[in-house]
Number of protein chains: 4
Amino acid sequence: MSSRVRAIVAGATGYSGRDLIRLLLNHPKIELAGAFASRSGETIPLAAIHPQLTGLARLDCQPFDEAVIAKLDPDLIFLATPNEFSHEIVPALLETGATVVDLSGAFRLRDAALYPKFYGFEHARPDLLEKAVYGLTEFAREELRGAKLIANPGCYPTSILAPMIPLLKAGLIADDQPIICDSKSGVTGAGKSPTATTHFVEVSESFKTYNIFKHRHTPEIAQGLGVVNESRALIFTPHLLPINRGILSTIYAKLKTGVTRRDILNAWRDAFENAPFVRVFAESQMPEIKFAANTPFCDIGCAVDEAAGQAIIVSAEDNLLKGAASQALQNANVALGFDEGAGIR
Amino acid sequence: MSSRVRAIVAGATGYSGRDLIRLLLNHPKIELAGAFASRSGETIPLAAIHPQLTGLARLDCQPFDEAVIAKLDPDLIFLATPNEFSHEIVPALLETGATVVDLSGAFRLRDAALYPKFYGFEHARPDLLEKAVYGLTEFAREELRGAKLIANPGCYPTSILAPMIPLLKAGLIADDQPIICDSKSGVTGAGKSPTATTHFVEVSESFKTYNIFKHRHTPEIAQGLGVVNESRALIFTPHLLPINRGILSTIYAKLKTGVTRRDILNAWRDAFENAPFVRVFAESQMPEIKFAANTPFCDIGCAVDEAAGQAIIVSAEDNLLKGAASQALQNANVALGFDEGAGIR
Amino acid sequence: MSSRVRAIVAGATGYSGRDLIRLLLNHPKIELAGAFASRSGETIPLAAIHPQLTGLARLDCQPFDEAVIAKLDPDLIFLATPNEFSHEIVPALLETGATVVDLSGAFRLRDAALYPKFYGFEHARPDLLEKAVYGLTEFAREELRGAKLIANPGCYPTSILAPMIPLLKAGLIADDQPIICDSKSGVTGAGKSPTATTHFVEVSESFKTYNIFKHRHTPEIAQGLGVVNESRALIFTPHLLPINRGILSTIYAKLKTGVTRRDILNAWRDAFENAPFVRVFAESQMPEIKFAANTPFCDIGCAVDEAAGQAIIVSAEDNLLKGAASQALQNANVALGFDEGAGIR
Amino acid sequence: MSSRVRAIVAGATGYSGRDLIRLLLNHPKIELAGAFASRSGETIPLAAIHPQLTGLARLDCQPFDEAVIAKLDPDLIFLATPNEFSHEIVPALLETGATVVDLSGAFRLRDAALYPKFYGFEHARPDLLEKAVYGLTEFAREELRGAKLIANPGCYPTSILAPMIPLLKAGLIADDQPIICDSKSGVTGAGKSPTATTHFVEVSESFKTYNIFKHRHTPEIAQGLGVVNESRALIFTPHLLPINRGILSTIYAKLKTGVTRRDILNAWRDAFENAPFVRVFAESQMPEIKFAANTPFCDIGCAVDEAAGQAIIVSAEDNLLKGAASQALQNANVALGFDEGAGIR
């Protein structure tokens with residue numbers, strides 16, 4: 001026990017925090033040393049907040065308190081906290097020497113100028129934006145090793161960037177048509193706070209678009225695709241599905257002349273040969289949310305109209321796992337030199 | 001138009017209010033003259049609150065204001081408002097001479113002493129509790145004619161009392177075993193306010209009991225069954241279903257010696273021969289929520305173990321219609337001398 | 001009663017047939033004279049097949065039999081039958097002189113050559129394909145008057161063609177980018193036969209694409225958009241939503257230079273000024289399935305990135321109503337000279 | 001690898017078989033040596049049947065074949081097969097010397113005379129009914145050690161017997177009122193075959209009773225409660241919930257005079273002190289399906305009206321795990337002398 005890495009989770013009251021804790025409780029090399037809310041309040045047993053954890057987690061969830069955290073002397077800090085909160089506390093937490101994995105968007109965008117428009121606050125630490133490693137694990141293993149600040153990707157961006165980056169790198173995608181990402185997410189993506197948007201009756205037996213042209217994941221996706229300055233190059237439309245967990249993205253991309261379905265599959269095989277958590281659906285079966293839900297995988301597949309040069313890429317993942325908690329742990333594993341799948345498989 | 005009865009709806013922002021408005025818009029003899037929220041705020045188009053009503057309702061929803069209502073001079077007032085609110089405003093509204101149909105629980109219990117425990121307030125008008133007609137239409141047509149204050153029954157009580165009253169009246173039920181009502185409701189029954197309980201993620205793919213032994217519909221059911229003073233005679237357990245609309249009650253009752261399934265069906269046929277909105281399922285098909293949802297019916301059926309003298313009564317209804325809005329209109333129709341099914345069928 | 005138009009419904013056992021019957025039972029000028037299955041079998045009460053109709057429909061559902069139908073001498077025949085079945089029986093039914101509204105795809109495509117590939121059978125009556133009126137009511141009122149064979153549009157095509165035809169007619173859409181239709185449908189769209197695809201467990205808490213590049217509605221949409229011979233001009237991707245009723249289509253279209261959101265709204269207002277069943281969402285609120293489900297409306301709205309010249313059109317409808325039964329009745333109303341909304345509103 | 005116990009799963013195409021395989025793939029002491037369907041057919045990769053297992057299970061699923069199985073020489077055989085199938089093959093499988101865990105009902109009832117009525121077949125091996133250990137693990141650890149034929153309990157019986165056996169043993173339950181079990185199950189309980197009953201549209205937004213007084217789990221529950229010959233002593237009503245996984249049972253029991261809530265909790269604590277997979281909810285929070293779904297736990301809680309002497313017991317479990325696959329593994333672990341929670345926690 002004593003030789004294990006000591007980790008804490010802040011933002012333990014939310015869905016991502018809960019799933020992260022569930023994973024950490026089974027990790028062979030990490031010990032969960034503390035759990036914190038992202039605000040003040042009472043100390044209560046984790047199992048009172050998340051009765052799912054009854055008999056599994058005997059820890060309390062404490063109000064966030066830097067002094068208490070300092071005493072715990074953690075090696076590893078996971079923040080499943082609101083954007084503004086992460087933005088505010090990360091600098092001090094980094095000074096403790098711990099590795100910080102931030103699941104919020106506070107350190108994901110390299111360009112500080114985007115924060116006021118998309119996140120509603122002025123970013124105080126552009127220097128940290130430069131240092132932060134954007135933890136789309138499959139494409140960042142080198143930079144992750146030994147990293148101290150890891151910006152864990154958003155759920156939608158993960159589902160889009162995982163399949164698209166290899167295709168762009170391989171030069172398969174034409175640029176005379178925007179990449180259109182029609183993405184659909186379950187309700188856990190909207191967080192645990194009760195709102196009119198998350199009321200059962202407003203979601204069940206319905207389906208809707210939201211935040212068209214305005215979602216804060218748009219610049220993150222553009223950054224990942226390398227099309228930041230080409231405003232016409234990316235269209236991202238999020239939708240709300242009447243399910244708990246899971247994202248499916250249907251991505252429309254024009255192919256360069258002569259590109260075939262086989263070229264796409266080859267590009268993926270090269271990129272993900274040693275990636276334990278990306279599954280390529282190479283046959284006729286396409287990814288579906290139910291195959292990926294409750295797993296740490298991002299599943300990817302494609303249909304190609306070779307005559308027309310049009311590809312439809314389909315990806316599916318669990319927004320709380322590969323889109324948040326399990327990818328955070330994947331990143332921590334790589335940063336600390338553990339097996340990438342430790343505590344996840 | 002001018003010769004039609006003028007009605008207003010207060011509490012127009014909620015689910016029952018919305019469904020009531022939808023019905024009133026098609027009523028041949030009633031004109032919807034105004035719609036009100038149950039609190040202060042801005043005047044906004046009904047269709048902005050309930051986009052379902054786009055192109056159907058051109059009315060605004062105004063903040064509740066007795067002076068504005070007085071000017072409209074309504075003949076008929078529907079209150080789909082909170083219990084305390086109805087309790088407070090009904091006396092003044094009655095003085096306008098209008099017929100008041102209150103969908104809340106404020107005037108349902110004859111015994112004022114039950115209000116502090118079950119509703120959290122001291123009842124100020126025991127005299128009105130005595131005058132109010134409890135509008136379980138099928139059993140109250142005589143008293144409803146010309147009534148000025150109608151207490152519209154609760155959704156759970158309607159589903160239980162409709163099948164059970166005829167059996168008790170016919171003397172079929174033994175009294176050495178409690179009547180056990182295991183009831184399950186969709187989420188619209190919990191109202192439109194977002195709470196942890198109504199969050200999609202907390203409801204979907206789950207199911208739970210709530211308020212065991214404490215639900216405020218318990219004394220209303222006991223009153224309807226005529227077992228008020230026999231605390232052991234009734235057990236009522238509400239559950240929350242991951243659906244929008246509908247209640248199914250599974251009711252366990254000991255039968256007197258020799259009572260058969262046929263006796264039960266006969267008692268129902270006698271009671272509901274001319275009832276347009278109770279459907280007796282007399283064959284092997286039992287009521288299911290999907291048959292009654294989005295309809296004004298209460299469906300009832302039974303299975304009987306004649307050897308053991310045990311009956312299982314199953315009822316299903318739409319909690320927003322027969323459990324609220326359509327029964328309110330049924331009651332108004334009878335009170336005003338219209339055809340009972342006007343605007344409902 | 002005697003002076004009313006006599007109608008029959010074949011395919012009464014399915015979901016569209018059931019909803020059509022429910023509408024017909026309330027129609028002021030049409031009498032439901034008979035209900036038929038699309039195959040042989042026993043005669044059973046409609047309410048035994050659809051317990052929802054208990055107490056509403058006293059009719060039996062009979063096995064399909066041309067002689068029995070001839071005796072009923074119907075003025076109006078609705079076919080909610082499989083494609084092959086409609087293809088086979090329509091010629092004989094037309095000879096009875098009745099108006100035939102076919103809800104299947106058997107007479108929707110003008111080009112008979114498309115049937116083997118998309119419907120799996122050789123079309124025997126190209127002459128009828130030419131005569132059949134494609135009943136997207138809002139654009140076909142002239143041809144519908146007095147029509148004898150009406151091909152009722154598919155559910156997906158209705159949701160796409162209703163918003164897009166006015167924009168194409170007004171010349172607002174550029175043609176250097178395909179029109180991309182990302183459509184999502186509830187499970188009633190897959191019919192009532194139990195299959196692995198419609199099993200609750202395979203659908204609930206999931207979401208998937210299906211029939212990419214191959215769905216039989218593709219040529220119907222292309223025909224309606226007037227892009228039949230331009231294979232690159234249309235991409236249509238259907239998805240299966242874990243809900244019962246409703247379609248939402250998210251449509252991506254490049255705009256001609258200078259076209260604004262206002263231009264789109266104006267084109268829609270011109271097209272739908274007197275259309276009782278298309279609702280234009282002109283404010284920030286976009287269509288959602290829950291607003292249109294259980295209604296006869298097609299709701300349409302749009303978001304426009306004017307700088308990039310990209311429009312996202314969103315439409316929502318109930319696939320069983322505007323996508324099938326209520327549009328069939330709309331078409332019959334226009335064909336027979338009744339008020340377009342009779343029995344629907 | 002070679003020193004691990006070799007196991008096979010027959011019935012690998014169903015939901016229980018799939019979940020069992022998922023568990024076995026992580027078991028430290030068991031090697032999954034083969035997977036079989038319960039009928040003839042082609043050999044196909046498990047991941048083609050259950051795409052969830054892509055990248056996890058590289059095994060094929062073969063048609064059932066005793067010769068092939070004999071060659072694999074398994075130590076442990078799990079049967080997630082139909083009742084008749086298990087009934088037929090168990091005798092031969094036992095002769096191989098392997099430990100057989102049968103998840104069907106073929107060997108659960110001690111009284112062979114009940115099979116024709118409840119299972120539709122004459123039981124050929126009453127001798128094996130006597131030898132089979134009924135594997136409600138928490139109450140059968142002694143008999144399980146070294147057992148060769150284990151009858152894994154049904155999902156409903158597990159949810160009822162786990163909380164009730166300790167109360168009956170402790171003498172807390174009165175016998176002048178039947179024990180009424182109002183149970184609700186998700187759709188995986190109905191199996192994977194598509195039927196009208198499991199069609200998404202027939203289940204979603206609905207809820208129903210089924211098989212009242214006739215469900216085949218009734219004699220199994222009666223046997224477990226020890227009330228086999230008292231036909232009036234048990235009422236069991238199953239319901240179908242619109243969810244994938246999980247059972248909640250609401251159980252009504254009359255208490256003997258003077259019995260308190262504390263007595264119930266004490267009886268449970270005594271019974272489950274060392275039971276890793278029963279969680280007692282001793283505070284005000286009652287079990288809900290979402291707390292137990294996707295876990296190997298049976299959660300139990302109670303509300304008591306001490307004045308009336310009435311208890312309401314609430315239990316929740318995942319019907320595919322504690323109600324099937326994880327309990328099967330729990331039983332195998334105990335039978336083989338492994339840690340009870342191996343491969344489950």
Side-chain angles (χ1 to χ4, degrees), chain B residues 176-178 180-186 201-214 230-237 239-248 250-252 254 284-294 301-305 307-312 314 316, chain D residues 176-178 180-186 201-214 230-237 239-248 250-252 254 284-294 301-305 307-312 314 316:
Chain B
D176 57 338
Q177 182 182 305
I180 294 178
C181 306
D182 194 282
S183 295
K184 302 87 174 176
S185 171
V201 177
E202 303 302 315
V203 176
S204 180
E205 278 292 301
S206 194
F207 180 68
K208 64 167 188 173
T209 59
Y210 66 99
N211 287 359
I212 300 188
F213 292 130
K214 285 182 240 164
E230 309 155 50
S231 75
R232 294 159 202 233
L234 168 71
I235 298 176
F236 166 58
T237 311
H239 299 71
L240 187 68
L241 279 170
I243 65 172
N244 284 342
R245 309 170 73 109
I247 282 179
L248 186 136
T250 312
I251 307 165
Y252 300 87
K254 181 89 182 291
S284 61
Q285 173 70 63
M286 293 292 270
E288 304 184 7
I289 281 182
K290 70 180 173 228
F291 303 148
N294 294 301
C302 68
V304 179
D305 179 339
Q310 294 285 353
I312 301 181
V314 177
Chain D
D176 57 338
Q177 183 182 303
I180 294 177
C181 306
D182 193 282
S183 295
K184 302 88 175 176
S185 172
V201 176
E202 303 303 313
V203 176
S204 180
E205 278 291 302
S206 194
F207 181 68
K208 65 167 187 173
T209 59
Y210 66 99
N211 287 0
I212 300 187
F213 292 130
K214 284 182 244 165
E230 309 155 50
S231 75
R232 295 158 202 234
L234 169 71
I235 298 176
F236 166 58
T237 311
H239 298 71
L240 188 68
L241 279 170
I243 65 173
N244 284 342
R245 309 169 72 107
I247 282 179
L248 187 135
T250 312
I251 306 165
Y252 299 87
K254 181 91 181 291
S284 61
Q285 173 70 62
M286 294 291 268
E288 305 183 7
I289 281 183
K290 69 181 174 228
F291 303 148
N294 294 301
C302 67
V304 179
D305 179 340
Q310 293 285 353
I312 301 181
V314 178

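Labels below follow one simple rule: chain letters A, B, ... track the order of the sequence lines, proteins then strands, and each chain is numbered from 1.
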Salt bridge or not between Lys290(B) and Glu205(D)? Use side-chain N to carboxylate O under 4.0 Å. no
Flag the pair Pro178(D) / Gln177(B) as yes when at least one side-chain heavy-atom distance between them is below 4.5 Å, and no otherwise. yes
What I'd like to find out is whether the side chain of Lys184(D) reaches to under 4.5 Å of the side chain of Asp182(B), using heavy atoms alone. yes
Who pairs with Tyr210(D) by ring-ring contact (aromatic ring centres under 6.0 Å, His included), at least two apart in sequence or on another chain? His215(D)
So how far is it from Leu248(B) CG to Thr209(D) OG1, rounded to the nearest 0.5 Å? 6.5 Å
What's the separation between atom CD1 in Ile243(B) and atom CD1 in Ile243(D), rounded to the nearest 0.5 Å? 12.5 Å
Of Ser206(B), Gly186(B), Pro242(B), the largest count of non-hydrogen pairs under 4.5 angstrom with chain D goes to Ser206(B)
Please report the shortest heavy-atom distance between Tyr252(D) and Thr237(B), naming the atom on each side. OH-OG1, 2.9 Å
Where Ala303(B) and Ile212(D) come nearest, the two heavy atoms and their spacing: CB-CG2, 3.8 Å
Rounded to the nearest 0.5 Å, the CD1 atom of Ile235(B) sits from the CD1 atom of Ile180(D) at a distance of 8.0 Å
Honestly, the part of Phe207(B) sitting under 4.5 Å from a heavy atom of chain D is both
